[in-house]
Structures are given as C-alpha cells and as structure tokens.
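This report concerns only the one structure given below.
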Number of protein chains: 2
Amino acid sequence: MRIGDVAQRTGVSTRALRYYEEQGLLGSERTSTGQRTYTESAVERVELIQQFFTAGVPSRTILQLLPCVDSGHASPEVFEILEEERRRITDAMADLAAARDALDRMIDITRNPTPEHCPSLR
Amino acid sequence: MRIGDVAQRTGVSTRALRYYEEQGLLGSERTSTGQRTYTESAVERVELIQQFFTAGVPSRTILQLLPCVDSGHASPEVFEILEEERRRITDAMADLAAARDALDRMIDITRNPTPEHCPSLR
DNA sequence: GTTGACGTTGACGTCAAGGGCAAGTCACGA
DNA sequence: TCGTGACTTGCCCTTGACGTCAACGTCAAC
C-alpha cells in the first residue's frame, strides 16, 4: 500500500502519517524511487496511535509504549508508564464527569427556572 | 482580595487570571491606582472556569456559557451549546475508556506473557 | 525613605499535532 | 510522450492557554 491508501483507510491525513514516521511511531518500507510502502498491519497501528492521541497520550510516550505492543514484554519503566497513563486517563475521566455534571446542573436550571436556582428571579 | 490571593487560593497563576480577564471570563474591580480587586465569588468562578478548561471547553465557548450561570437563563442558542458540549464530553469519556481498555490489555499481557499474546514466544 | 514583595502592561516564546505551500519526482493511462 | 494525480522533502504557519521577560508603579514594613 502507498501512503494515500493508508490515509484513506484510516481517515488520517498523509501529512499526519509522515509526522508519525518522523516521530518514530510508524515504520514504512521504501520503493527504489523513495516512495513509502506500508503493510496491512500499518492500518491497525495507525488506529492504535490515533486512539492514544485521542486519549491525550503524547507522541513521546506512545513511542515508549509501542515496542511493548510488538514484543508483548514491558520493562519495569515501561510498565510504570503504562500504569501512570492509566491513572492519568482515569483522572481525566473523573474531570470530564465533573464538568458534565456542572453542565447538567446548568441545563437543569435553565430548563426549570426556580427562585432557588435563579438569582435574577429572587 | 488582590490577584495574588486569588492565585494562591485557586492554584491558578496570576498570568492565567489576567488571561481570563483578557478573554472576558473573569471580572475585577480596580483600585484608584489600577490594581485588580476581587470578591469572594471570584474564587468560585475561577474554579468553574478551570473545570471547563480541563474538560476541553475553549474560552470562547466558556464565555458564552458564563452569563447563563449568572442569570440562570439560557437562550435557545446557548442551550444548544450546552447540549453540544455535553455530547462532546460524553464522547470524550468514551474515547478515554477505549484507550484505557487498550492500556489494560497491554498491562494484562505484559503481566501474564503467554504464547497467544506474545509473538516473540511463538 | 528605602527595601522588597507584589502589582501593572506589553510583547514575545512555547509546545504539540499537524496544515499548507512550493518545487520537484514518480506512476500510469491514453 | 504527454498529462495528471500521487508522492517526495523542506519549510514556515496555526491554535490555545498560558510562561517569561522587561520596565515600571504600588504598598506595607521597618
């Protein structure tokens, strides 16, 4: 596959794919004329990378985690990173839940304006 | 209260507080010599702003929501924003959950390396 | 009245994940 | 062989929420 094919199948821009390679996250073979060639597994890899990016894991951290995906083995340091990211994500979920609750309260108040809720009615 | 007090009580830098004011998110009185003065409610306000920032709500959107916090009333457009942000946050939570599951699988595999999981052992 | 912490504005720097453009090369069908 | 679309590298640009520095004013204490 060429880069455009991977882009189309993953929904990730070619610019982003080159960026991933630049960051060491995604490998590719080259043709004799220098064009990138990808295997099928690259699609899966890109999807995993995307998932991490979406979760707020920075590229440098992903770079440390990916070898462990391939080898199935984690050094103690990598293991610590795994658990730390897990904690970070859990905390982020709690923050999101709190913000959503705040929005819910606002939605509720604006839907049922009552004197207790609404200073302007008092 | 002066800006340093608010910073200390909220854990938000003075630079950030001035930025919030610049963005219209946070009001302040001024002394005759130009120094900012805050009421007690500013602390609560800053905490709310932080909560939204943490949840990924951009300052321009927060700016549209805050008047509704004060008035207890939301125009249809603001109401739509409220619900859209709610959706966005819910989606983000699902993304985080998916990423955490991916991490959990990795953690599990590295904790119990088995031939099925680990290509290098096959 | 001087010291030192705290305050002011303004301008520029940072960081990450790409976007966009330029100028050239490659692949492939007509 | 020509055209066209896909690809290459290299470079600067963008966005948001501040950090940082400069140059200066203020305030409370001693």
Side-chain angles (χ1 to χ4, degrees), chain A residues 1-39 42 45-66 81 85 88-89 92 95-96 99, chain B residues 1-39 42 45-66 81 85 88-89 92 95-96 99:
Chain A
M1 297 167 75
R2 291 191 302 166
I3 196 170
D5 303 321
V6 179
Q8 193 172 3
R9 288 180 53 182
T10 60
V12 171
S13 73
T14 61
R15 178 67 179 86
L17 294 176
R18 292 194 195 97
Y19 175 72
Y20 295 169
E21 181 169 326
E22 192 183 318
Q23 302 300 308
L25 303 177
L26 182 63
S28 69
E29 299 295 306
R30 298 294 184 117
T31 68
S32 58
T33 58
Q35 303 213 356
R36 288 173 179 83
T37 298
Y38 298 90
T39 63
R45 167 70 53 123
V46 169
E47 281 161 359
L48 182 62
I49 293 172
Q50 278 291 101
Q51 200 167 37
F52 282 140
F53 273 134
T54 303
V57 181
S59 57
R60 266 195 301 277
T61 303
I62 299 177
L63 185 57
Q64 297 178 279
L65 298 182
L66 285 183
I81 294 172
E85 284 303 316
R88 224 213 61 244
I89 289 174
D95 289 341
L96 287 178
Chain B
M1 299 166 76
R2 292 191 303 166
I3 196 169
D5 304 321
V6 179
Q8 192 172 3
R9 288 180 53 182
T10 60
V12 170
S13 72
T14 61
R15 176 65 179 90
L17 294 176
R18 292 194 194 96
Y19 174 73
Y20 296 169
E21 180 168 326
E22 191 183 319
Q23 301 299 310
L25 303 178
L26 182 64
S28 69
E29 299 295 306
R30 298 294 186 116
T31 68
S32 59
T33 58
Q35 303 210 352
R36 288 171 180 82
T37 298
Y38 298 89
T39 63
R45 167 68 54 122
V46 169
E47 281 161 359
L48 181 62
I49 293 172
Q50 277 291 100
Q51 201 167 36
F52 282 141
F53 273 134
T54 303
V57 182
S59 57
R60 267 195 302 276
T61 303
I62 299 177
L63 185 57
Q64 296 178 280
L65 298 183
L66 284 182
I81 294 173
E85 285 301 318
R88 224 211 62 244
I89 289 174
D95 289 340
L96 286 178

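Quick note on labels: first sequence line is chain A, next is B, and so on, each numbered from 1.
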Given atom [atom1] of [X] and atom [atom2] of [N], what is their separation to the nearest angstrom?
X	N	atom1	atom2	result
B:Glu22	C:dT8	CD	P	13 Å
A:Gln35	C:dC28	CD	P	9 Å
A:Glu21	D:dC7	CD	P	13 Å
B:Leu26	D:dC18	CG	C1'	15 Å
A:Tyr38	D:dA6	OH	C1'	13 Å
B:Arg30	C:dT8	CZ	C1'	8 Å
B:Asp5	C:dG7	CG	C1'	12 Å
A:Gln8	D:dA6	CD	P	10 Å

Does D:dA6 have its OP1 or OP2 closer than 4.0 Å to a side-chain nitrogen or oxygen of A:Arg2?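 Looking at the OP1 and OP2 atoms of D:dA6, neither is under 4.0 Å from any side-chain N or O of A:Arg2.
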Is any side-chain nitrogen or oxygen of B:Arg18 closer than 4.0 Å to OP1 or OP2 of C:dC6?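 So the side chain of B:Arg18 is outside the cut-off, no N or O lying under 4.0 Å from OP1 or OP2 of C:dC6.
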Under the side chain to side chain contact (heavy atoms under 4.5 Å, CB included) criterion, do B:Tyr19 and B:Ser59 qualify, and how do the steps go? CA-CA 10 Å; B:Tyr19 174 73; B:Ser59 57; 4.2 Å; yes
Minimum heavy-atom separation for A:Leu48 to A:Leu66, with atom names? CD2-CD2, 4.0 Å
Minimum heavy-atom distance A:Tyr38-A:Ser28, with the two atoms named: CE2-CB, 3.6 Å
Quick one: does A:Met1's side chain get under 4.5 Å of A:Arg9's, heavy atoms only?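 They are in side-chain contact.
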Side chain proximity check, A:Val12 to A:Glu47, heavy atoms < 4.5 angstrom: no
Could you work out which one of D:dC27, D:dT8, C:dG7 sits closest to the side chain of B:Thr33?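 Nearest to the side-chain atoms of B:Thr33, counting from C-beta on, is D:dC27.
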Axial bend angle, the helix from C:dG1-D:dC30 to C:dA30-D:dT1: five-pair end segments, nearest 10°: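 Result, rounded to 10 degrees: 10°.
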Check this for me: A:Glu22, atom CD, are more than 12 non-hydrogen atoms of other residues, nucleotides or ligands nearer than 6.0 Å?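 Above 12, so yes.
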Which value, rounded to the nearest 0.5 Å, describes the distance between B:Gln35 atom CD and B:Arg30 atom CZ? 9.5 Å
Please report the C-alpha distance between B:Thr10 and B:Gln50 in whole Å, then the side-chain angles of each, then the deciding distance to 0.1 Å, and finally whether the side-chain hydrogen bond (donor to acceptor under 3.5 Å, both in side chains) criterion is met. CA-CA 9 Å; B:Thr10 60; B:Gln50 277 291 100; over 6 Å; no
For every nucleotide of nucleotides 14-19 of chain C, 5' to 3': is a protein heavy atom under 4.0 Å from its base (B), only from its sugar-phosphate (S), or from neither (-)? --SBBB
Of A:Arg36, A:Arg45, A:Arg18, which meets side-chain contact (heavy atoms from CB on, under 4.5 Å) against A:Leu26? A:Arg45
